[in-house]
Protein chains: 2
Amino acid sequence: MSDLLERLRGRGWRMTAQRRVVAEVLDGEHVHLTADEVHARAVAKLPEISRATVYNTLGELVTLGEVLEVSTDKRAKRYDPNAHRPHHHLVCARCGSIRDVHPTGNPLADLPDTERFGFTVSDVEVTYRGLCPDCAGS
Amino acid sequence: MSDLLERLRGRGWRMTAQRRVVAEVLDGEHVHLTADEVHARAVAKLPEISRATVYNTLGELVTLGEVLEVSTDKRAKRYDPNAHRPHHHLVCARCGSIRDVHPTGNPLADLPDTERFGFTVSDVEVTYRGLCPDCAGS
DNA sequence: GAGTTGACTTGGACTTAGTCCAATGTAGGA
DNA sequence: TCCTACATTGGACTAAGTCCAAGTCAACTC
């Protein structure tokens with residue numbers, strides 16, 4: 001965690017209590033939280049923190065490349081603190097829970113030039129969908 | 001187009017002017033419209049159609065598997081009438097435009113059992129991102 | 001063709017997720 | 001310690017979508 005804070009300080013971030021709290025929340029258990037969940041956990045540590053600040057801070061972290069935005073469905077965006085290891089996502093279609101996964105293969109190489117339509121393709125995102133053990137069981 | 005209408009009638013759909021218009025809009029040029037764009041085009045053909053009906057109808061078409069929902073970003077969902085040929089998407093990071101693409105390879109096979117965490121994986125969605133020729137040029 | 005009825009449509013209120021902004025506060029350099 | 005540019009606040013606002021009670025009408029029956 002202090003890694004993250006150090007990197008941020010190094011990038012000229014002014015270190016406020018609010019930003020520290022948001023960084024701590026993300027750096028805790030590695031789950032994929034929505035902005036509102038981040039806010040809820042931040043409030044537990046710093047009751048007066050506002051929603052706007054959480055949104056601002058998350059946006060900045062995304063811009064800095066420290067956190068990834070994941071929008072696997074129409075519901076709220078989720079934030080993935082695991083920005084430094086490339087990975088993809090496995091999403092439960094029922095409950096929306098997310099796991100990071102590391103498939104073999106390179107989907108970027110699987111897109112022939114004829115299928116690129118003049119686009120400059122820079123990134124690929126693979127989302128596997130299915131049912132998590134809990135939802136499949138019930 | 002009458003294909004689509006036929007299929008829907010065969011499934012017990014009551015055929016109303018509104019549903020016909022929505023089906024026609026989707027079946028026209030093959031682009032990926034947002035619900036509001038569908039509504040706008042539907043209004044051009046049938047001025048009194050309501051937003052709620054467009055949403056209802058789109059939802060039903062998705063449930064029936066006639067249309068795919070694509071949510072490539074946090075913005076509005078888009079609807080893809082090309083539900084009968086499996087394909088993936090290439091999205092412009094700047095303007096949000098979408099192309100259907102057909103990569104080689106099978107990403108489902110690329111997810112080893114050890115990376116499935118007990119999930120029943122049924123589907124995979126690949127989204128390529130980049131800049132379209134228009135946005136890259138400017 | 002008329003009657004019936006349950007499925008469909010309507011529009012407006014509501015919700016959820018997120019953005020914006022003017023006023024206020026404060027981290028960190030001088 | 002002071003200063004100020006950067007950060008935070010909260011409340012209003014927006015966009016996308018859902019919900020619902022009341023009204024309408026497609027299609028079946030006769």
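Numbers restart at 1 for each chain; the letters A, B, ... are given by sequence-line order, proteins then strands.
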**Message:** Expected output is a numbered-order residue list: members of residues 56-68 of chain A with a heavy atom under 4.0 Å from any atom of DNA chain C. What is it?
**Reply:** none
**Asked** Near DNA chain C, under 4.0 Å by heavy atom, which residues of residues 40-55 of chain A?
**Response** A/R51, A/A52, A/Y55
**Request:** Would you give the length of the straight line joining atom CG of B/L61 to atom CG of B/L8, rounded to the nearest 0.5 angstrom?
**Result:** 6.0 Å
**Fill in**
Under a 4.0 Å heavy-atom cutoff, the residues of residues 8-17 of chain B touching DNA chain D are B/R14, B/M15
**Request:** Round to the nearest Å and state the distance from B/D36 atom CG to D/dT14 atom C1'.
**Result:** 13 Å
**Prompt:** Can you tell me how far CG of A/L33 sits from NE2 of A/H39, rounded to the nearest 0.5 angstrom?
**Reply:** 13.5 Å
**Asked** To the nearest 0.5 Å, how far apart are CE in B/M15 and CZ in B/R9?
**Response** 5.0 Å
**Gap between atoms CD and P, on B/Q18 and C/dG11 respectively (whole Å)** = 10 Å
**Fill in**
One should read off an interatomic distance between A/L58 CG and A/T63 OG1, to the nearest 0.5 angstrom, of 10.5 Å
**Complete:** Output for pair (B/D100 CG, B/N82 CG), nearest 0.5 Å, gives 5.0 Å
**Asked** By salt bridge (charged side-chain N to carboxylate O under 4.0 Å, His left out), which residues pair with B/R14, not counting sequence neighbours?
**Response** none
**Prompt:** If you round to the nearest 0.5 Å, how far is CD1 of B/I49 from OG1 of B/T57?
**Reply:** 6.5 Å
**Message:** Taking the side chain as everything from C-beta on, heavy atoms only, tell me whether B/V54 gets closer than 4.5 Å to B/R51.
**Reply:** no
**Fill in**
Contacts satisfying ring pair (Phe, Tyr, Trp, His ring centres under 6.0 Å) that involve residues 88-116 of chain B (not counting sequence neighbours) are B/H32-B/H89, B/H87-B/H89
**Note: A/R11-A/E60 ion pair, threshold 4.0 Å (strictly below)** = no
**Message:** In whole Å, I'd like the distance from the CG atom of A/L33 to the C1' atom of C/dA17.
**Reply:** 16 Å
**Request:** Nearest whole angstrom, please: distance from the P of D/dC25 to the CZ of B/R19.
**Result:** 15 Å
**For A/V124, the rest of its hydrophobic cluster, which grows through side-chain links under 4.5 angstrom** = A/L90, A/V101, A/L108, A/L111, A/F117, A/F119, A/V121, A/V126, A/Y128, B/L90, B/V101, B/L108, B/L111, B/F117, B/F119, B/V121, B/V124, B/V126, B/Y128
**Request:** Take the protein atom CZ of A/R20 and the nucleotide atom P of D/dT8, then report the distance between them rounded to whole Å.
**Result:** 11 Å
